[in-house]
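Written below as structure tokens is the structure these notes are about.
Residue numbers begin at 1 in each chain, while the letters A, B, ... track the order of the sequences.
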Number of protein chains: 2
Amino acid sequence: MILAKGKNRNDLSGNELKKFRQKKKILHLLYQYHTLSGTAISSKIGVSFPTALTLLNELCEFKFVETFGTGVSSGGRKPNMYRLSNESIYVIACELGRYKAKMTIYNSHNNQVTSILTFATNIDDNELVEKIYVNAQRLIQEFKIDENRVYGIGLNMPGLIDENRGINHTIKNEEYRNVKERLETRFGKMVYVNNDARMQAYGEYIFGSAKGHLNAIVVNWNWGIGMGLIFNGNLYNGSTGFAGELSHTKFVDEGDLCICGKRGCLETVASSNFLIKNAAIGINENVVSQLTLSFKNRQQDLQPEDVINAAKSGDEFAISLLNKIGMALGKGLSFTIQLLNPEIIVLGGVISQANRFVLTPIQQSLNKYCLDKISSNVKIVISENWEQAGLLGVSAMLFQHLFGDIHSELKYENF
Amino acid sequence: MILAKGKNRNDLSGNELKKFRQKKKILHLLYQYHTLSGTAISSKIGVSFPTALTLLNELCEFKFVETFGTGVSSGGRKPNMYRLSNESIYVIACELGRYKAKMTIYNSHNNQVTSILTFATNIDDNELVEKIYVNAQRLIQEFKIDENRVYGIGLNMPGLIDENRGINHTIKNEEYRNVKERLETRFGKMVYVNNDARMQAYGEYIFGSAKGHLNAIVVNWNWGIGMGLIFNGNLYNGSTGFAGELSHTKFVDEGDLCICGKRGCLETVASSNFLIKNAAIGINENVVSQLTLSFKNRQQDLQPEDVINAAKSGDEFAISLLNKIGMALGKGLSFTIQLLNPEIIVLGGVISQANRFVLTPIQQSLNKYCLDKISSNVKIVISENWEQAGLLGVSAMLFQHLFGDIHSELKYENF
DNA sequence: CCAAACTTATTAAAATATTTTAAAAAATAT
DNA sequence: ATATTTTTTAAAATATTTTAATAAGTTTGG
């Protein structure tokens with residue numbers, strides 16, 4: 001099932017290689033633009049119309065591309081439109097959380113073609129790769145996907161990850177760190193691995209609230225403060241995969257001890273940690289609040305969602321706690337904005353659900369700490385489809401790699 | 001003098017356009033790699049060797065390219081090497097400072113082909129464009145440059161600049177803000193305009209201490225703290241051209257008033273402002289120091305260089321002042337490092353000349369404020385050719401645009 | 001150290017592919 | 001209804017790639 005007739009990619013002759021590249025370019029264009037006319041394709045890949053048609057016909061023959069009605073014309077014959085075939089290319093997307101993984105399969109129109117499968121695992125699970133393989137097989141079989149049409153596996157997971165080599169340095173057992181290589185061996189397909197916050201950012205950029213904004217910042221606001229950065233329309237990893245570690249910068253001189261070992265990190269004053277810790281203190285001091293009434297005897301059950309819900313029903317104590325972490329995150333964002341001058345900041349994660357109870361104090365902080373002419377141009381919004389952002393991001397990234405725009409081509413036996 | 005024989009770029013036929021693009025690609029490759037063999041070029045632009053040779057011969061005919069000896073071989077005939085012709089393409093580079101402008105001309109090997117001309121002007125000078133034109137003509141005539149071979153003018157200047165439209169929003173008189181358009185009209189050639197700190201950063205990235213480092217930060221450390229950012233090998237402007245404004249972030253809660261109107265900006269504690277202000281205070285208090293001896297009766301003459309020189313000769317007061325601004329900048333850089341995980345930070349500008357007197361306190365700050373696993377990978381170095389960085393940067397950027405990698409092609413009547 | 005075997009580059013021709021041109025088809029605007 | 005615009009198709013013209021032969025080196029083995 002390949003773009004060039006019955007040959008190994010490694011011994012394509014010059015012209016076959018040329019056509020192979022052109023076809024990949026066409027697939028990439030169709031992925032990006034959904035539908036295109038023959039004329040549009042010929043001009044975009046820089047060949048004449050008859051040549052473009054020949055290439056398109058061959059792609060149709062192999063079921064990668066199909067015609068899709070006619071397009072609009074400004075006075076003249078309507079053009080035939082082409083799009084990627086609905087069942088041409090699938091990718092498996094997997095998101096690994098602290099205790100469980102989510103998995104689903106997307107087609108080249110970024111439509112989910114299976115349900116979302118969940119299974120228990122974690123980044124230090126030695127059986128991780130095997131579990132991913134077994135569960136992928138379950139999805140493939142249950143939903144009758146043609147396995148030969150599955151061209152890659154994308155995985156996002158917590159930790160410090162080298163995007164190119166697909167190594168997760170946070171995994172304790174050194175032998176299991178090379179996640180990409182191990183998955184590639186198990187599946188025999190292309191694999192892409194990156195950090196969860198960054199893939200959520202990419203998902204928001206390609207499909208979500210940051211769509212169309214070339215310079216965007218996406219915050220995963222929860223127990224930590226993950227940050228994904230999009231610069232000039234590209235995902236930014238940093239030189240060793242640490243970009244966006246705002247969470248562990250010092251904001252309070254002699255502040256609380258942070259899990260990272262330092263004191264007074266932003267995370268200690270602007271995340272769920274602060275929320276729960278200070279809610280507990282208040283409850284112990286019998287502050288007037290719903291939270292005191294509900295959680296006095298079961299503080300260990302208190303979750304960030306509970307504080308948010310209390311705030312939404314008007315609880316002043318909960319509101320004041322959210323106000324504090326909003327101000328604190330706002331201060332952190334103000335540095336970020338001054339340094340990076342983004343178009344948009346998208347907030348996701350549990351705390352973002354507090355909506356105006358955090359948006360207002362964030363804005364107050366920006367007013368205080370930013371130059372007006374910089375901060376007045378940045379939009380701060382709450383993500384609308386956070387649950388899928390990470391899966392969609394990893395799927396989009398995989399398609400980008402498959403179509404060869406990012407990595408050097410011919411590295412994998414695709415198409 | 002064009003790549004395609006005697007035609008206007010706007011009515012090139014399909015195949016002529018194709019060849020035009022291929023030739024531009026070859027020029028770009030030769031600009032990047034300096035010399036290449038025919039085989040290398042054919043594989044890099046994706047055509048067969050005979051085709052590449054045809055293109056190269058045509059480029060040689062028009063004097064854009066020349067053969068340049070033979071290359072190395074690992075067992076076989078030595079290849080003919082090609083390079084850009086020494087006198088094929090020139091660009092004018094101009095750097096506008098507070099009170100004067102510097103100008104010179106580079107060839108496509110980034111060699112200066114004229115002296116550096118200096119003339120008095122400023123960003124609010126209504127005669128700016130005319131002065132640039134007149135002085136460019138002087139250089140062209142004095143050094144007998146073929147004016148038809150000058151393909152563009154690059155200008156870097158202070159202020160908030162929209163790179164694409166070439167508009168400097170900091171210019172007071174609105175009618176004179178569109179610097180790019182006005183220069184293009186006057187010269188009839190391609191023009192590139194951007195902010196000075198960013199062009200210095202680009203210069204350091206392409207030719208200087210940041211060469212080869214895909215993620216680099218370049219600091220212009222003087223009265224302000226300018227910052228240029230390189231991400232994934234590309235210059236980053238931010239969404240409205242404000243990227244790198246670390247200088248005006250709040251670092252001291254109730255600090256000194258800054259020129260920006262806010263209080264306690266980094267600039268008030270980490271720039272020449274702090275140095276001179278606090279040196280003056282010390283001198284008034286008759287602190288034991290060379291500076292007191294030399295400047296007691298002429299404080300208005302005190303320059304940052306004087307403090308640096310005093311420190312170099314062992315003056316403890318001067319050393320302590322430099323130590324303070326080093327610690328302060330270090331704190332600012334630690335946020336930047338945590339957020340952006342760069343490979344290298346290059347320091348330029350007057351204060352960087354204090355070398356170890358500032359490098360040591362900067363490092364101390366990083367140790368205090370950064371996670372070790374992030375900061376341990378970043379190199380902090382002093383620029384080695386700061387005086388030319390801005391001119392070289394703008395010249396390199398212009399060549400990138402000329403060869404069509406960045407902007408859409410055919411926009412200008414080049415080649 | 002020299003000749004034979006092996007590489008790699010260049011050139012010229014034959015084979016193949018692409019672009020151009022022109023004509024037909026299908027739709028829109030006047 | 002006719003002229004205009006745009007797409008599609010097919011043939012002719014042009015360009016590119018392949019192939020094969022030649023040239024110019026390097027390496028190896030006697």
- Any chance CD of A:Glu181 has more than 12 other-residue heavy atoms, nucleotides or ligands included, within less than 6.0 Å?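 No, because the 6.0 Å sphere around CD of A:Glu181 holds 12 heavy atoms or fewer from other groups.
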- Query: Between the side chains of B:Tyr192 and B:Asn194, is a donor N or O closer than 3.5 angstrom to an acceptor N or O?
  - Reply: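 Looking only at side-chain atoms, B:Asn194 and B:Tyr192 do form a donor-acceptor pair, the distance falling under 3.5 Å.
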- Message: With a 4.5 Å cut-off on side-chain heavy atoms, are A:Leu30 and A:His34 touching?
- Response: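 No, every pair of side-chain atoms sits at 4.5 Å or beyond.
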Look at the side chain of [X] and decide which nucleotide, out of [options], has an atom nearest to it.
| X | options | result |
| --- | --- | --- |
| B:Leu53 | C:dT11, D:dT8, C:dT19 | C:dT11 |
| B:Arg77 | C:dA9, C:dT19, D:dT17 | C:dA9 |
| B:Lys19 | D:dT17, D:dT16, D:dA10 | D:dT16 |
| A:Ser48 | C:dA9, C:dT20, D:dT9 | C:dT20 |

Rounded interatomic separation in angstrom, taking [atom1] from [X] and [atom2] from [N]:
| X | N | atom1 | atom2 | answer |
| --- | --- | --- | --- | --- |
| A:Lys23 | C:dA17 | NZ | P | 12 Å |
| B:Leu56 | D:dT16 | CG | P | 13 Å |
| B:Ile41 | C:dT8 | CD1 | P | 19 Å |
| B:Asn57 | C:dA9 | CG | P | 17 Å |
| A:Phe49 | D:dT5 | CZ | C1' | 15 Å |
| B:Leu17 | C:dT20 | CG | P | 9 Å |

- Task: For A:Thr54 and for B:Asn80, locate the closest nucleotide of DNA chain C by heavy-atom distance; then report the residue assigned to the nucleotide nearer the 5' terminus.
- Result: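 Here B:Asn80 is the residue nearer the 5' end.
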- Query: So what does A:Thr39 touch, heavy atoms closer than 4.0 Å: a base, only the sugar-phosphate, or nothing?
  - Reply: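 Counting heavy atoms under 4.0 Å across all strands, the contact made by A:Thr39 is with sugar-phosphate only.
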For [N], does OP1 or OP2 lie under 4.0 Å from any side-chain N or O of [X]?
| X | N | answer |
| --- | --- | --- |
| B:Lys78 | C:dA9 | no |
| A:Asn15 | D:dT16 | no |
| A:Thr51 | C:dT18 | no |

- Can the ring centres of B:Phe68 and B:Tyr82 be said to be less than 6.0 Å apart?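 Here the rings of B:Tyr82 and B:Phe68 have centres that are no less than 6.0 Å from each other.
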- Message: Which is more 5' along DNA chain D, the nucleotide nearest A:Pro79 or the one nearest A:Lys18? Just name the residue.
- Response: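 This one resolves to A:Pro79.
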- Using purine N1 to pyrimidine N3 plus N6-O4 or O6-N4 for Watson-Crick, or N1-O2 and O6-N3 for G-U wobble, both under 3.5 Å, which nucleotide pairs with C:dT30?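 The base-pairing partner of C:dT30, which may sit in any strand shown, is D:dA1.
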- Hey, what's the ring geometry for A:Phe231 with B:Phe231, parallel, tilted or perpendicular (30° and 60° as the breaks)?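 Parallel, since the angle between the ring planes stays under 30°.
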